[in-house]
Amino acid sequence: MPDPDIAAVADFAPRLLAWYDRAARNLPWRIAPGSAVTPDPYRIWLAEVMLQQTTVAAVAGYFARFTERWPSVADLAAADDADVMAAWAGLGYYARARNLLACARTVVADHGGVFPDSEAGLRALPGVGDYTAAAVAAIAFGRPAVVVDANIERAIARHRLIATPLPAAKRAIRAALAPLVPRDRPGDFAQALMDLGATICTPRSPACTRCPVAADCAAFAAGTAESLPLKPPKKAKPQRHGRAWWIESDARLWLVRRPDNGMLGGMRALPGGAWDEPPASDDGAVSVRHGFTHFDLTLTLVRRGVEDAAGEGEWWPISALDAAGLPTLYRKLVDKMRESDR
DNA sequence: CACACGTGGGT
DNA sequence: TACCCAAGTGT
């Protein structure tokens, strides 16, 4: 592949930023382009962690509740683990919430409550990987970091027609992106590229006719934009089965806390067995199907007596179960049970 | 490098 | 219905 035209490289950021100045999405954690407001690293970091593998629409409500309840990193660091986990319930990938707390406490304990302002300093924090360190460095601190998320991967793979399958293509994508990052407005540049990927350079049916950088997009010229980037084939999801126990006493339900490692780690849950049972045949039993990333689970509810409420746990008023912060799997099961009881 | 790790919305 | 996908990180 020949090197792209020097003039095209020099022109990329100005074109993209001019489009962003006009078309930027208005998001709760975002400082509008041109605003004189200084970004709050805490809010940028919080939003970036919430947005990992999670849609803007899903994050908005959580971001509002977290920043209302814990306005600063010191407030979050001082929070109870159970409160933070419950507030995260439903957002998924719960290791993020455990790392979020660990990160907030590290910032307070080791950095005087001030986020590191360098990519390397950020990268050393719990739950902050290559993407988040670069994004916070660029957006909160104006560092010319090379920010690469799935949107940017897709846009650059198309623009430069990088036909290597992911994840091997990441090296070439990063190399192609690095010289495009402007010293001026690197944070807006990263967000502009993400907006482009989210609204124009979409996975399916990209709107190339509205793209501000289509003029020198190699995949557009070749007519192959929609096919890029190439992805590895996905594998079949196993079907798994398990049982959860409904242990009720005096209008309260026995809840436990799942171990920090593994599925739904650290979250409140109904007690039960491992998810490795043969398919249940209890006719008429309350059960739910729930699709996880790498397996599908059918979870069946079984009534048990109070003698099974052993070990660590809490009696939770059934009328207040919504406040328990159950992950979606258990919330679906509980909702179905309460419905069938009526 | 490959895999574990959630969930909800779009098609 | 089924599959795809989303501002990834840790191991």
Side-chain angles (χ1 to χ4, degrees), chain A residues 24-25 27-30 43-63 85 88-100 102-103 122-140 145 147-155 165-171 187 189-199 201-206 226 229 231-240 258-267 269 275 288-297 299 325-332:
Chain A
R25 288 178 291 173
L27 302 174
W29 44 85
R30 176 175 284 178
R43 294 168 60 90
I44 303 299
W45 160 77
L46 177 63
E48 290 303 337
V49 173
M50 287 183 166
L51 286 161
Q52 291 166 7
Q53 294 288 285
T54 308
T55 57
V56 162
V59 164
Y62 287 86
F63 181 81
M85 298 310 286
W88 196 276
L91 202 52
Y93 284 149
Y94 298 102
R96 291 184 295 169
R98 299 193 301 275
N99 286 328
L100 189 82
C103 182
L122 291 159
R123 182 66 179 81
L125 296 169
V128 176
D130 289 341
Y131 162 75
T132 303
V136 174
I139 298 168
V147 180
V148 185
D149 80 321
N151 287 303
I152 297 177
E153 253 174 29
R154 183 172 60 252
L166 292 172
K170 286 171 182 286
R171 178 182 299 275
F189 177 78
Q191 295 177 93
L193 223 30
M194 290 190 272
D195 274 20
L196 187 77
T199 64
C201 197
T202 48
R204 280 164 297 186
S205 307
E226 186 160 12
K231 299 212 166 177
K234 49 260 164 222
K235 16 182 107 160
K237 278 196 211 178
Q239 304 292 321
R240 295 169 65 174
R258 293 180 61 84
D260 274 345
N261 295 321
M263 291 294 299
L264 312 178
M267 299 300 287
W275 299 339
V288 295
R289 287 196 52 181
H290 191 74
F292 290 113
T293 305
H294 54 296
F295 63 92
D296 287 327
L297 176 68
L299 192 61
L326 293 173
T328 300
L329 165 68
Y330 293 106
R331 187 181 50 69
K332 291 199 311 197

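So you know, we letter chains A, B, ... as the sequences are listed, proteins then strands, and number each from 1.
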With a non-hydrogen cut-off below 4.0 angstrom, is R331(A) in contact with a base, only sugar-phosphate, or nothing?
sugar-phosphate
With heavy atoms under 4.0 Å as the rule, sort T54(A) into base, sugar-phosphate or nothing.
base
Do R96(A) and W45(A) form a cation-pi contact, if we require the NZ or CZ to be under 6.0 Å from the six-membered ring centre and within 45 degrees of the ring's axis?
no
With sequence neighbours left out, what residues match Y62(A) under ring-ring contact (aromatic ring centres under 6.0 Å, His included)?
none
Sugar-phosphate only, base, or nothing, as touched by G265(A) at under 4.0 Å among non-hydrogen atoms:
nothing
Under 4.0 Å between any heavy atoms, over every strand shown, what does L27(A) touch: base, sugar-phosphate, or nothing? Just pick one.
base
If you define the side chain from C-beta out and look only at heavy atoms, does anything of M263(A) sit under 4.5 Å from F295(A)?
yes
Relative to the 5' end of DNA chain C, which residue comes earlier, E48(A) or R289(A), by the nucleotide with the nearest heavy atom?
R289(A)
Under 4.0 Å between any heavy atoms, over every strand shown, what does W45(A) touch: base, sugar-phosphate, or nothing? Just pick one.
nothing
Looking at Q239(A), H290(A), R240(A), which one forms a side-chain hydrogen bond (donor to acceptor under 3.5 Å, both in side chains) with D296(A)?
Q239(A)
Using a heavy-atom cut-off of under 4.0 Å over every strand shown, decide if M50(A) touches base, sugar-phosphate, or nothing.
nothing
Once side-chain hydrogen bond (donor to acceptor under 3.5 Å, both in side chains) is applied, do any residues pair with E153(A), and if so which ones, sequence neighbours excluded?
K170(A)
Could D149(A) and R154(A) be called an ion pair, given the rule that one side-chain N must be under 4.0 Å from one carboxylate O?
no
Students should find this one: the first and last nucleotides of DNA chain C, 5' to 3', lying under 4.0 Å from a heavy atom of chain A. What are they?
dC4(C) to dG10(C)
Please figure out whether A57(A) or G262(A) has its closest DNA chain B nucleotide nearer the 5' end.
G262(A)
Quick one: list whatever passes side-chain hydrogen bond (donor to acceptor under 3.5 Å, both in side chains) with Y131(A), sequence neighbours left out.
E48(A)
Go through it in stages, so that I can follow the logic: the residues are L46(A) and L100(A), the test is side-chain contact (heavy atoms from CB on, under 4.5 Å), and I'd like the CA-CA distance, side-chain angles, deciding distance and then a yes or no.
CA-CA 8 Å; L46(A) 177 63; L100(A) 189 82; 3.9 Å; yes
Hey, could you give me each pair passing salt bridge (Lys or Arg N to Asp or Glu O under 4.0 Å) that has a residue in residues 125-138 of chain A? Not counting sequence neighbours.
R123(A)-D130(A)
Tell me what I152(A) touches on the nucleic acid: a base, only sugar-phosphate, or nothing, going by heavy atoms under 4.0 Å.
nothing
Segment of DNA chain B, first to last nucleotide, that comes within the 4.0 Å heavy-atom reach of chain A
dC1(B) to dG8(B)
Starting at the 5' end of DNA chain B and moving along, which residue's nearest nucleotide shows up first, L264(A) or K235(A)?
K235(A)
